[in-house]
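As structure tokens, the structure follows; a few thoughts come after it.
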Amino acid sequence: MLVVMDIGAGRARVERVVKRLEKAGFSVRRHTLGGALAAVITEGEEKGFDIRDLRAMDGVREVVLYGEPFPLSGRGRGSRTSVLRAGKVEIGGKEITLIAGPCAVESERQIFATAREVAAAGARFLRGGAFKPRTSPYSFQGLGEDGLRLLRAAADKCGLLAVTEVLDVSKVGLVEKYADVVQVGARSMQNFPLLREVGRLEKPVLLKRGSGATIEEMLFSAEYVLSGGCKKVILCERGIRGFDRAVRHALDFCGLLALRQTTRLPVIVDPSHACGVRTHVRSLAMAAIAAGADGVMVEVHPRPDEALSDAAQSLSFREFRALVEGCRGVAAAAGRKWPSSRRK
Ligand code: PEP
Ligand code: MN
């Protein structure tokens, strides 16, 4: 770490900064640059030290970190994305990950029909919420364990892996029992006790970006999960709240590129929750793959207009097939492999 002091900060201010650093366990060397400008160079563990406190100290002009701010999720010196495994399926490798299914599991008929459809289209993962984080407490909240059971059965029947959200620390064990990938939703991205609890899992954790969260906050949330011992975190950009009400959220492609540069973790994109309307989902999914996403997660429903949650953004089977065709072409152009259909 390099701490640059203001010209004329004075000995007392410099010494206050030195003392603070030493107290935090750093070893400090003082340098005088160009006469009065004092730079304090330190060696020690930067992880866990909140430099905002240092930046706020009287006389401090700038603090420069040399260390990796995200020791577990950061790219470090390696430039490659880590390839994770869920069952036999790789995430973050050459093949694009396609996760598809309804917003919520509603019935046996609904989830089995959707599972058949998405498996035929090449998806390796079936999504479906059993515990739904709804804005209104009066909206459909999900089927709970019955929903988990149905999701598991439909996934198994069609050779798919199951992705579902856990909302609550007390339900992590239950969700783990049924899911292959445990999702932490946008609203829970900074639920630190939940992050610590899913950090104990061996299964992959799909961490969605909060609609008001910065990239830095998202990566610190990933650090929470990884520091619990979990080795498999997948990040998901799903749109952030902008000022324009013409769309539900702004899908942050710049953030996606920043993540690509900063983290070694696979990054997927959820275009459904980003735009909130089905007409834009296909274009956004194609754009996400063109921009380097490792996968897409989309909401599909046999009768979208009757969906109990997120009806407006749910794709019909026909629209889903059109998305798959579009994405297949973009994946090829981007040098990625699109998952092959297993339709007989
Ligand atoms: C979801 O994927 O089911 C969901 C609720 O999304 P988000 O957490 O991104 O709103
Ligand atoms: Mn949804």
Side-chain angles (χ1 to χ4, degrees), residues 97-106 110-111 114 118 123 125-137 139-144 147-148 151 161-168 171 175 178-191 194-195 198 204-213 217-218 221-222 225 233-242 247-252 255-256 259 267-278 280-281 284-285 288 293 295-316 319-320:
T97 300
L98 173 60
I99 305 174
C103 178
V105 180
E106 298 170 5
Q110 173 238 26
I111 195 67
T114 312
V118 305
F125 296 88
L126 176 67
R127 62 149 289 148
F131 298 101
K132 294 305 302 174
R134 304 305 302 280
T135 302
S136 161
S139 303
F140 175 60
Q141 303 285 309
L143 297 180
L148 292 175
L151 179 73
L161 297 168
V163 183
T164 195
E165 177 166 354
V166 63
L167 268 180
D168 176 335
K171 296 286 194 301
V175 171
Y178 292 97
D180 298 296
V181 175
V182 175
Q183 178 175 325
V184 173
R187 290 156 192 81
S188 305
M189 194 207 82
Q190 287 191 313
N191 179 340
L194 182 62
L195 297 178
V198 297
V205 172
L206 174 60
L207 177 65
K208 299 189 83 175
R209 181 180 181 185
S211 66
E217 286 165 342
M218 188 191 202
S221 292
V225 180
V233 174
I234 306 151
L235 301 175
C236 181
E237 160 60 31
R238 45 75 76 205
I240 51 175
R241 205 182 283 272
V247 286
R248 187 192 199 186
H249 292 300
L251 185 52
D252 186 9
L256 171 66
L259 280 171
V267 186
I268 68 164
V269 165
D270 170 351
S272 304
H273 288 89
C275 62
V277 284
R278 69 179 68 110
H280 301 328
V281 174
L284 288 175
V296 286
M297 173 155 89
V298 293
E299 289 188 344
V300 187
H301 194 285
R303 294 173 190 272
D305 292 332
E306 294 170 22
L308 297 180
S309 61
D310 285 345
Q313 70 201 31
S314 296
L315 301 179
S316 67
E319 288 159 335
F320 177 62

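Each residue takes its place number in the sequence, starting with 1. When a ligand or atom number is given, it counts from 1 through the structure's own listing order.
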Does Ala186, backbone or side chain, put an N or O under 3.5 Å from an N or O of ligand 1? yes
Check whether the side chains of Glu306 and His301 place a donor and an acceptor atom closer than 3.5 Å, and report yes or no. no
closest protein heavy atom to atom 6 (O) of ligand 1 is Lys208 NZ, 2.9 Å
Counting from 1 in the order shown, the ligand 1 atoms closer than 4.0 Å to a non-hydrogen atom of Glu165 are 5 (C)
Residue Arg187 vicinity, atoms of ligand 1 by number, heavy atom under 4.0 Å: 7 (P), 8 (O), 10 (O)
In plain terms, say whether Glu165 and Arg127 are close enough for a salt bridge, that is, a side-chain N and a carboxylate O under 4.0 Å apart. no
Are any of the heavy atoms in Arg127 under 4.0 Å away from ligand 1? yes
Nearest heavy-atom contact between Pro102 and Gln110 is CB-NE2, 3.2 Å
For OE2 in Glu299 and OD2 in Asp310, the angle at the Mn ion (ligand 2) (nearest 10°) is 130°
Does the N or O separation between Asp270 and ligand 1 drop below 3.5 Å for any pair? no
Identify the closest protein heavy atom to atom 4 (C) of ligand 1: which residue and atom is it, and at what distance? His273 NE2, 3.5 Å
Students should be able to answer this: which protein heavy-atom is nearest to atom 9 (O) of ligand 1, and at what distance? Arg238 NE, 2.6 Å
Kindly give the heavy-atom pair with the smallest separation between Ala213 and Ile240, and that separation in Å. O-CG2, 4.3 Å
Considering just N/O/S atoms, say which atom of His273 is closest to the Mn ion (ligand 2). NE2
When rounded to the nearest 0.5 angstrom, what is the spacing between CD in Glu299 and SG in Cys103? 4.0 Å
Do NZ/NE/NH1/NH2 and the carboxylate oxygens of Arg134 and Asp310 come within less than 4.0 Å? no
Note: Arg241-Asp252 ion pair, threshold 4.0 Å (strictly below): no
Numbering as shown, the atoms of ligand 1 that approach Gly185 to under 4.0 Å (heavy-atom distance): 8 (O)
Phe131 to Leu148 - nearest heavy-atom pair and separation: CE1-CD1, 3.9 Å
